[in-house]
2 protein chains.
Amino acid sequence: MIHITIKDVAKRLNVSVSTVSRAFNDKYDIKKDTKELILKTAKEMGYHPNPIAKKLSQNKSLNIGVVIPEFMNSYYSEVAIVLQEFFISKGYQVLLMQSNENEEQELKNVKTLINNMVDGLIIAPTVGYRNTPYFIEKHNEGYPMVFLNRIDETLPASKVIFNNVKWSFFATEHLIRQNNKKIYHLSGYNNLCVSSERVEGFKKAMNKHKITKENYKIIETGLLAKEGMEVIEDLIFHHDIPDAFFCVNDMVALGAMKKLKDNGYKIPDDVAFVGFTETRIAKLVTPQLSSVRQPTREMAKKAGEMLLNRINNPDSETETAIFNGEFNIRKSSVRDSSIPNI
Amino acid sequence: MIHITIKDVAKRLNVSVSTVSRAFNDKYDIKKDTKELILKTAKEMGYHPNPIAKKLSQNKSLNIGVVIPEFMNSYYSEVAIVLQEFFISKGYQVLLMQSNENEEQELKNVKTLINNMVDGLIIAPTVGYRNTPYFIEKHNEGYPMVFLNRIDETLPASKVIFNNVKWSFFATEHLIRQNNKKIYHLSGYNNLCVSSERVEGFKKAMNKHKITKENYKIIETGLLAKEGMEVIEDLIFHHDIPDAFFCVNDMVALGAMKKLKDNGYKIPDDVAFVGFTETRIAKLVTPQLSSVRQPTREMAKKAGEMLLNRINNPDSETETAIFNGEFNIRKSSVRDSSIPNI
DNA sequence: TCGGTTTTCGGAAACGGTTTCGGAAACGGT
DNA sequence: ACCGTTTCCGAAACCGTTTCCGAAAACCGA
């Protein structure tokens with residue numbers, strides 16, 4: 001457990017500590033021979049530069065803070081994995097915190113990370129807009145930040161977002177083309193921007209195809225399977241089951257499908273389903289669930305690159321990247337058997 | 001972005017830096033009045049102790065390394081959340097790394113964390129035993145480590161494990177009692193200890209009930225849904241479908257169930273199913289999947305406590321904690337309708 | 001009032017690096 | 001042989017804390 005320091009190496013070779021330091025940092029003047037000699041014997045001695053000391057002397061933490069709203073839907077797990085890999089390859093460490101879909105927890109997390117001197121933050125905000133003023137304040141102070149996915153429009157910082165309106169429109173239009181006359185949208189949270197955007201896409205499709213308000217509904221749910229179930233219970237009670245559901249995410253869709261199946265409805269014959277933000281489970285249920293896949297890896301990586309850019313060029317313009325996805329049509333939304341239920 | 005340091009506070013109050021430091025660390029002699037004055041003005045000035053400098057001067061990183069094998073099954077996500085919460089409440093930060101079920105990646109992760117001077121490690125090993133010698137070496141050097149879940153028997157370090165043999169036995173016996181004559185076990189990886197233990201429990205039940213080798217099989221699969229599917233394809237091809245399957249985890253069970261359903265088998269009427277390490281999806285599929293729930297939160301927390309104990313009392317004895325679970329019987333494994341399919 | 005304790009605090013050395021500055025050594029051209 | 005450059009390296013300051021040591025101040029009993 002005894003750590004070998006730069007001094008030990010310097011003493012062994014009868015050079016100064018600054019020379020050893022130089023050997024490890026390419027940017028300074030040092031003769032090639034001495035550099036190699038130092039690196040070689042340092043390795044022999046098992047020396048590793050102490051990252052903490054490095055951080056202190058450089059006034060850089062080499063840490064990146066990542067704040068995600070939750071961990072239980074695999075979406076943000078994947079984001080976490082990608083960011084981790086990316087930043088480690090760039091010499092940074094990632095401090096990951098999750099907010100449990102709770103604004104106060106989120107604020108705590110961000111403050112903890114800032115107190116821990118992270119060099120930058122990637123934030124995928126939780127439901128609600130209450131922390132936006134704080135984020136704006138920090139952004140204006142010059143703190144490098146990139147926001148992912150759930151963005152308050154008013155944020156002037158760099159952002160990575162998914163084109164929810166467009167793909168929600170496509171998904172809804174698909175249901176209309178399948179000849180569903182009455183379509184309900186289970187919409188997540190009203191004060192969640194991805195929800196509002198998906199609602200917007202849904203409404204656009206309704207308008208384009210001249211479906212009137214008697215024939216669609218937008219029902220606020222939440223993001224969990226349980227909440228999908230509860231809504232269906234209520235609809236069954238009121239004998240108000242439409243031809244199709246478009247759901248804010250796969251979990252809500254799965255919960256709703258389950259409840260309907262348990263009550264004797266056939267999917268997709270009686271009710272068709274489309275989810276969003278495709279999960280790996282979509283292919284495991286019967287029938288397989290149609291869903292919009294988001295390029296999660298690419299979006300996360302882009303957020304990482306943007307943050308590095310902001311750290312290294314604090315005066316550069318903020319950017320916004322908008323991603324598109326892929327609509328995977330499966331059995332849950334098609335009644336003829338042209339789509340094999342693999 | 002200008003950080004206020006202890007010196008700024010000291011200068012403002014005309015005291016020495018050591019006095020300010022003392023005010024923030026309860027253990028030293030300081031007059032109550034001065035302490036309160038210092039804390040008050042420090043707060044006014046917006047001073048936060050620089051954690052990096054603190055770490056350097058104390059020769060402690062206040063970081064804990066957590067290495068998990070994967071992130072995509074919700075099990076280890078939950079472990080990560082719990083450990084995160086626990087250590088933050090104790091003033092530590094958690095550096096989380098995932099190994100992608102790859103031994104080399106795991107070794108890299110552990111080395112990265114050790115180079116980053118984590119004060120201790122919690123490791124949930126990946127499949128395979130190749131890194132055990134390295135772990136033993138570090139443990140013998142005095143590095144505080146706690147192992148979770150997948151443990152090489154020969155590791156002399158502290159461990160938190162689940163009683164796989166016992167609960168695998170119970171689950172299997174349940175299938176026998178449901179009058180299944182021919183039962184196959186989809187077993188995960190042969191070189192994964194949780195797999196071997198579950199195999200052991202399975203065999204025990206077979207022996208106890210005098211089921212002979214013609215009437216059971218143990219089939220190595222892997223841990224993913226895809227691999228469950230592949231095995232079933234093969235078995236269907238050979239017309240070799242038993243009365244029931246006991247699976248190493250829920251994902252394999254779900255994959256296998258899906259494949260059987262797609263080929264016209266009724267679950268549980270034709271084939272009964274039991275999973276393990278219950279996931280939230282178990283309740284969302286039709287029929288709901290019987291499974292063994294593990295006390296994930298409690299196990300993770302125990303691992304955290306053990307590690308803290310090892311850090312603070314390096315000379316204490318290593319401990320081993322063995323946890324028990326809960327077998328949730330659902331529709332997938334019972335043919336009469338005594339269990340409602342909620 | 002005085003000597004001896006006990007409190008309370010300042011100075012300074014660590015912790016392990018980076019980085020500026022300036023000087024010695026090597027080099028190169030005349 | 002000499003002078004001006006360039007290359008290379010050592011000394012020392014610095015990053016922001018903690019903590020040891022010792023001394024001043026306060027207290028206390030006789």
Under 6.0 Å between ring centres: does that hold for [X] and [Y]?
X        : Y        : result
A/Phe147 : A/Phe135 : yes
B/Phe24  : B/Tyr47  : yes
A/Phe71  : B/Phe71  : yes

Check: Shortest non-hydrogen contact from B/Ala53 to A/Leu56?
Finding: CB-CD1, 3.8 Å
Interatomic distance where [atom1] belongs to [X] and [atom2] belongs to [N] [whole Å]:
X        : N      : atom1 : atom2 : answer
B/Lys35  : C/dT7  : NZ    : P     : 16 Å
B/Leu37  : C/dC9  : CG    : P     : 10 Å
B/Ile52  : C/dT18 : CD1   : P     : 14 Å
A/Met117 : D/dT17 : CE    : C1'   : 11 Å
B/Asn14  : C/dG10 : CG    : C1'   : 12 Å
B/Asp29  : D/dA25 : CG    : C1'   : 14 Å

Next item on the list: Look at B/Ser21 and D/dT19 and indicate whether a side-chain polar atom (N or O) is within less than 4.0 Å of OP1 or OP2.
Entry: no
Next item on the list: May I ask you to verify if any side-chain N or O of B/Asn25 is less than 4.0 angstrom from the OP1 or OP2 atom of D/dT19?
Entry: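 The answer is no; no side-chain N or O of B/Asn25 sits under 4.0 Å from OP1 or OP2.
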Carboxylate-amine/guanidinium contact [X] [Y], below 4.0 Å:
X        : Y        : answer
A/Glu101 : A/Arg150 : yes
B/Glu298 : B/Lys301 : no
B/Glu44  : B/Lys40  : yes
B/Glu85  : B/Arg297 : yes

Note to self: What contact category does A/Val20 fall into here, base, sugar-phosphate, or nothing, at under 4.0 angstrom with non-hydrogen atoms?
What the structure shows: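 Answer is nothing: A/Val20 stays at 4.0 Å or more from every strand.
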Next item on the list: State, without any angle test, whether A/Glu106 and A/Asn131 hold a side-chain donor-acceptor pair at a distance under 3.5 Å.
Entry: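 Per modelled atom types, A/Glu106 and A/Asn131 side chains form a pair under 3.5 Å.
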Next item on the list: For the residue pair B/Glu70 and B/Asn100, confirm or rule out a side-chain donor-acceptor distance under 3.5 Å.
Entry: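 Not at all, the side chains of B/Glu70 and B/Asn100 share no donor-acceptor pair under 3.5 Å.
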Close N or O pairs between protein and nucleotides 23-27 of chain C (under 3.5 Å):
none

Report each atom pair, protein N/O against N/O of nucleotides 12-16 of chain D, whose distance is under 3.5 angstrom.
residue	atom	partner	partner atom	Å
D/dC15	O2	A/Ser57	N	3.3

Note to self: Using a 3.5 Å limit on both distances, find every run of at least three consecutive Watson-Crick or G-U pairs that involves DNA chain C.
What the structure shows: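 In DNA chain C, stems of three or more pairs: C:1-30 with D:1-30.
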